[in-house]
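Data first, discussion second: the structure below is written as structure tokens.
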Amino acid sequence: MIKIEDLRLMATLARSESLSEAARALNVTPSALSMRLRALERELGLSLAMRTARMLTLSADGELLAQEATALLARLEQLPELFDRGAQSVKGKLRVAAPFGYGRQRIAPLIVRLARRYPDLNVQLDLRETPWPERAEADIVFHIGSVRDSSWVARTIADNQRWVCASPAYLQQHGAPSTPRDLLNHACICIRENDEDVTLWHFRTDKGGVEARWGARESIRIHPAMQSNDGGTARYWAEQGLGLVLRSQWDVEEVVRQGKLVRVLQPWQFDAAPILILVQSSKNMPSRVRTAFDFFVEALRVE
């Protein structure tokens, strides 16, 4: 029979890169954890993981068991709240996942306010390069960009256009591009994230003037002068005059207001990357999740 300790073991293995990391999370030694894993495999008659000293990879059966274990543990955590819907206090563990930059700049400060308002709430913020897709072990997920169909419920926080920006010093030296095609003759800074084709920049043309309806979708293949997997670093390079950067509105609008960067090519629209807040279900949502969800939606709407 599978015990709750076995569920915790598999859920921890799923989010760990090595046996040692999983052992630290469970506060046991690697040898003890390895023994528990072997015992579970013998009981089930399955191979659940391939492990070496530095790497841990779940098998297909291990992935399935880990997903079910994670779901069951989350359900067990929520069980008391199903019988305490009238309680005024908001308490328990709240797991939030967000992208690195957006999480640091926008979500972490909001969690300070949330924690002060609800001191019995135990908040865990997990910053990831890509907090989506569904195996994200979180109550609330913030995601930038579109998502495929899933069982999660998504709500748009902001449309979040993408702006092409450069420093005043760069524009003074090299001039401003007049059309997206002019970017081919400029130094461009690329951000590698989410497995996107980062050198292919998509935009929509306005065939009848600025006030007309947007026309055809077009793309250009730029030749990056510099690349980074960190958006903040790419923005900083642009601020230092090293080139033009295509960056989310949420990340650059403040430095544009400050004059550190200048938005160019405003008559053209580049691909938007909407900011979404996601929950696994809108029905029977635990009070701690509902309260936090409403708090985040309201706070980010005001920004």
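Residue numbers run from 1 in the order of the sequence given.
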Are any side-chain N or O atoms of [X] and backbone N or O atoms of [Y], one a donor and one an acceptor, separated by less than 3.5 Å?
X	Y	result
Ser59	Ser47	yes
Asn160	Ser248	no
Asp6	Ile2	no
Arg106	Trp250	yes
Arg36	Glu5	yes

Spatial distance of atom [atom1] ([X]) from atom [atom2] ([Y]) [nearest 0.5 Å]:
X	Y	atom1	atom2	answer
Arg116	Ile111	CZ	CD1	13.0 Å
Gln124	Lys93	CD	NZ	5.5 Å
Trp152	Leu278	CH2	CG	7.0 Å
Leu244	Leu261	CG	CG	9.5 Å
Leu110	Leu300	CG	CG	5.5 Å
Leu125	Arg104	CG	CZ	10.5 Å

Would you say the side chains of [X] and [Y] form a donor-acceptor pair under 3.5 Å?
X	Y	answer
Ser20	Ser18	no
Ser34	Arg38	yes
Asp159	Gln249	no

Indicate yes or no: at least one non-hydrogen side-chain atom of [X] is less than 4.5 angstrom from one of [Y].
X	Y	answer
Asp120	Val90	no
Arg15	Asp126	no
Ile191	Val245	yes
Leu33	Thr12	no
Arg288	Tyr118	no
Leu265	Leu183	yes
Cys165	Tyr170	no
Ser228	Trp237	yes

| field | CA sep, side-chain torsions, deciding dist, call: Glu41, Leu46, side chain to side chain contact (heavy atoms under 4.5 Å, CB included) | value | CA-CA 5 Å; Glu41 288 178 323; Leu46 299 171; 5.9 Å; no
Show the nearest heavy-atom pair for residues [X] and [Y], with the distance to one decimal.
X	Y	value
Val289	Asp139	CG2-CB, 3.8 Å
Pro168	Val262	CG-CG2, 4.0 Å
Gln227	Val198	OE1-CG2, 4.2 Å
Ala98	Ile107	CB-CG1, 4.3 Å
Ile144	Ala273	CG2-O, 3.6 Å
Ile189	Ala238	CD1-N, 3.6 Å

| request: Flag the pair Glu239 and Arg247 as a salt bridge only when some basic side-chain nitrogen lies within less than 4.0 angstrom of an acidic carboxylate oxygen. | output: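 Salt bridge absent between Glu239 and Arg247.
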| Short N-O contact, Glu254 and Arg257, less than 4.0 angstrom |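 Salt bridge: yes.
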| Aromatic contact, Phe142 with Phe296 (centres under 6.0 Å) |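 Centroid distance Phe142-Phe296: below 6.0 Å, so yes.
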| said: For His202, give me all partners under ring-ring contact (aromatic ring centres under 6.0 Å, His included), at least two apart in sequence or on another chain. | reply: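 Scan of His202 (ring-ring contact (aromatic ring centres under 6.0 Å, His included), adjacent residues dropped) gives none.
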| request: Show the numbers, then the answer: is there a side chain to side chain contact (heavy atoms under 4.5 Å, CB included) between Arg113 and Phe295? | output: CA-CA 10 Å; Arg113 291 165 48 190; Phe295 169 84; 3.9 Å; yes
| query | For Glu43, does the CD atom have more than 12 heavy-atom neighbours from other residues, nucleotides or ligands under 6.0 Å away? | reply |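 Yes - once you tally the heavy atoms of other residues, nucleotides and ligands closer than 6.0 Å, there are more than 12.
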| query | Would you say Phe270 has more than 12 foreign heavy atoms packed within less than 6.0 Å of its CZ? | reply |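 Yes, the 6.0 Å shell around CZ holds more than 12 heavy atoms from other groups.
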| request: For Asp230, check side chain to side chain donor-acceptor pair (under 3.5 Å) against everything at least two apart and list the hits. | output: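 Residues passing side chain to side chain donor-acceptor pair (under 3.5 Å) with Asp230: Thr233.
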| query | When clusters are formed by joining ILVMFWY residues with side-chain heavy atoms under 4.5 Å apart, either directly or through shared neighbours, do Leu246 and Trp163 land in the same one? | reply |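 Looking at the clustering, Trp163 is in a separate group from Leu246.
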| query | Do you reckon Tyr236 sits in the same ILVMFWY cluster as Val255, going by side-chain contacts under 4.5 Å, direct or chained? | reply |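 Shared cluster, no.
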